[in-house]
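Worksheet: the structure to be examined is printed underneath.
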2 protein chains.
Amino acid sequence: MKKIIPTETRKQEIFATSAKLFKEKGYSAVTMRDLAQTLGIKAASLYNHIHSKQEILSHIILSIAEEFTEGMTQILNSKESSIQKLKKIIILHVEITSNNSNGMASLNNDWMHLEEKQDYYLELRLNYEDNFRSIIKQGIASNELKAVDPDVTLFSILSTLRSLYLWIPKKEEINKDVLAGNLGEVLLDGINK
Amino acid sequence: MKKIIPTETRKQEIFATSAKLFKEKGYSAVTMRDLAQTLGIKAASLYNHIHSKQEILSHIILSIAEEFTEGMTQILNSKESSIQKLKKIIILHVEITSNNSNGMASLNNDWMHLEEKQDYYLELRLNYEDNFRSIIKQGIASNELKAVDPDVTLFSILSTLRSLYLWIPKKEEINKDVLAGNLGEVLLDGINK
DNA sequence: TAACTAAACTAACAAGTGTTAGTTTGATAT
DNA sequence: ATATCAAACTAACACTTGTTAGTTTAGTTA
């Protein structure tokens with residue numbers, strides 16, 4: 001009957017460990033017993049800190065999704081060229097993914113297992129993509145970008161940025177600014193000489 | 001009164017339906033009862049056609065992986081410029097993904113649930129990536145391509161091609177050749193004017 | 001018609017699932 | 001020393017999982 005207020009750091013530890021396991025096996029394949037064992041406790045003990053498995057997934061995904069939304073808003077509000085805005089988007093992805101590559105895996109691969117929060121997530125994602133596309137269209141209109149189908153451009157850039165979570169952990173030695181620079185070069189200027 | 005369905009077709013039907021469900025929810029979240037219900041039969045009846053859930057996944061993923069391996073071999077053996085080889089790789093991905101976008105989802109997202117066949121799959125994938133990278137390096141050496149880090153280039157192009165399964169089903173009206181052409185433009189020449 | 005057979009069925013299983021209830025532990029503050 | 005309480009524990013639950021065994025159904029062939 002007692003109300004228990006758990007340690008905040010332990011809760012963060014649960015989120016971090018969950019994200020790691022979700023990345024390796026996917027949300028559905030990770031059991032509460034797997035998670036508990038990795039943390040060195042019993043499954044039931046997890047419920048002193050969180051309410052449900054679902055809450056863990058929601059927190060991991062939505063906190064990142066909101067971070068992207070926030071970043072996009074700031075980029076939209078900046079008075080810069082479209083090319084500069086695209087470069088800022090690349091930096092945004094490199095930054096967020098560097099700080100939370102495990103969480104990015106869940107966002108990419110396990111969002112469909114969100115229940116009540118799925119609609120909210122999809123709304124954020126759709127908004128993000130719409131804003132991204134509008135920057136590309138603006139770039140074409142202002143003659144900064146080639147007049148390729150904006151959807152193809154959006155798809156191509158976003159696919160690469162969304163896959164960063166697979167790649168960044170393997171290239172820890174590389175500097176974030178260097179990576180963002182290289183990506184900008186490849187994505188914007190191409191590789192053909 | 002009852003519809004008679006030839007055996008081999010039924011097995012193919014199971015693979016196709018599985019791939020569709022695996023794409024929507026992931027391998028682990030799809031139960032044999034889900035699969036059976038979608039096919040309009042009982043779960044136990046599935047075992048008249050397949051040996052295990054695992055066999056379904058293995059077949060879906062490995063048949064595609066071998067198709068890629070075969071395609072890459074032919075491209076390597078062709079005596080063409082590196083740029084032309086890269087364009088052929090793009091066509092290969094568009095082609096295979098168009099024919100089996102659901103299976104591509106499993107290949108991308110559920111390969112870690114392969115059991116005995118996982119090592120074989122990873123070997124095929126590693127080989128494919130090595131061959132891809134060697135074409136890029138060859139292009140740089142022959143002065144066809146800019147001297148960007150080949151890993152960044154590989155990562156960027158492959159990320160886009162691997163994500164095609166998410167995009168192609170939504171753009172059914174578009175012609176495969178047109179899509180491959182647009183992708184080649186964006187991926188090779190960039191979008192910056 | 002009778003035998004054969006592919007492919008469906010019902011029933012059951014052992015193991016594993018997320019979660020709850022109630023209890024114990026051990027460090028901290030009085 | 002005692003009381004407090006976050007955070008661990010044990011035990012159990014109702015349900016779901018992949019899979020097996022044995023049976024029925026209904027077309028095809030002899």
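The sequence lines fix the lettering, A, B, ..., with proteins before strands; numbering per chain opens at 1. Every heavy atom of this structure was used, including side-chain atoms; hydrogens, water molecules and symmetry mates were not.
Applying the 4.0 Å criterion to OP1 and OP2 of C:dA6, one finds that B:Arg10 has every side-chain N and O outside that range. Contact annotation: A:Lys42 side-chain N/O to D:dA8 OP1/OP2 distance is not under 4.0 Å. Using a 4.0 Å cut-off, some side-chain N or O of A:His49 falls inside it from OP1 or OP2 of D:dA8. For B:Ser45 and C:dC9, the shortest distance from a side-chain N or O to OP1 or OP2 is below 4.0 Å.
Of the possible donor and acceptor atoms, none in the side chain of B:Asp34 sits under 3.5 Å from a partner among the backbone N and O of B:Val30. Of the possible donor and acceptor atoms, none in the side chain of B:Lys85 sits under 3.5 Å from a partner among the backbone N and O of B:Phe132.
Put simply, CG on A:Leu35 is 11 Å from P on C:dT19, counting in whole angstrom units. Distance CD1 (B:Ile14) to C1' (C:dA6): 13 Å, rounded to an integer number of Å. In this structure, NE2 of A:His51 is placed 13 Å from C1' of C:dT19, rounded to the nearest angstrom. If you measure from atom CG of B:Leu21 to atom P of D:dT17, you get 13 Å, rounded to the nearest angstrom. The nearest whole Å value for the distance from the CG atom in B:Leu57 to the P atom in D:dG18 is 13 Å. B:Met32 has its CE atom 10 Å from the P atom of D:dT20, to the nearest Å. Atom P of nucleotide C:dA8 and atom CD1 of B:Ile50 are separated by 12 Å, given to the nearest angstrom. Note: CD1 (B:Ile41) to P (C:dT10) measures 12 Å, nearest angstrom.
Ring orientation note: the planes of B:Tyr27 and B:Phe22 are nearly perpendicular, at an angle over 60° on the 30°/60° scale.
Checking B:Asn48 against B:Gln54, the closest nucleotide of DNA chain D that is more toward the 5' end is the one next to B:Gln54. Toward the 5′ end of DNA chain C lies the nearest nucleotide of A:Asp34, the other residue of the pair A:Ala44 and A:Asp34 mapping further downstream.
When distances run from any side-chain atom of A:Arg33 to the nucleotides D:dC9, C:dT19, D:dT19, the shortest one goes to C:dT19. Nearest to the side chain of A:Tyr47, among C:dG18, C:dA8, D:dC9, sits C:dG18.
Side chain to side chain, A:Ser82 and A:Gln138 fail the donor-acceptor criterion of an N or O pair below 3.5 Å.
A:Leu107 pairs in a side-chain contact (heavy atoms from CB on, under 4.5 Å) with only one of the listed residues (A:Ile64, A:Thr97, A:Ile96), which is A:Ile64.
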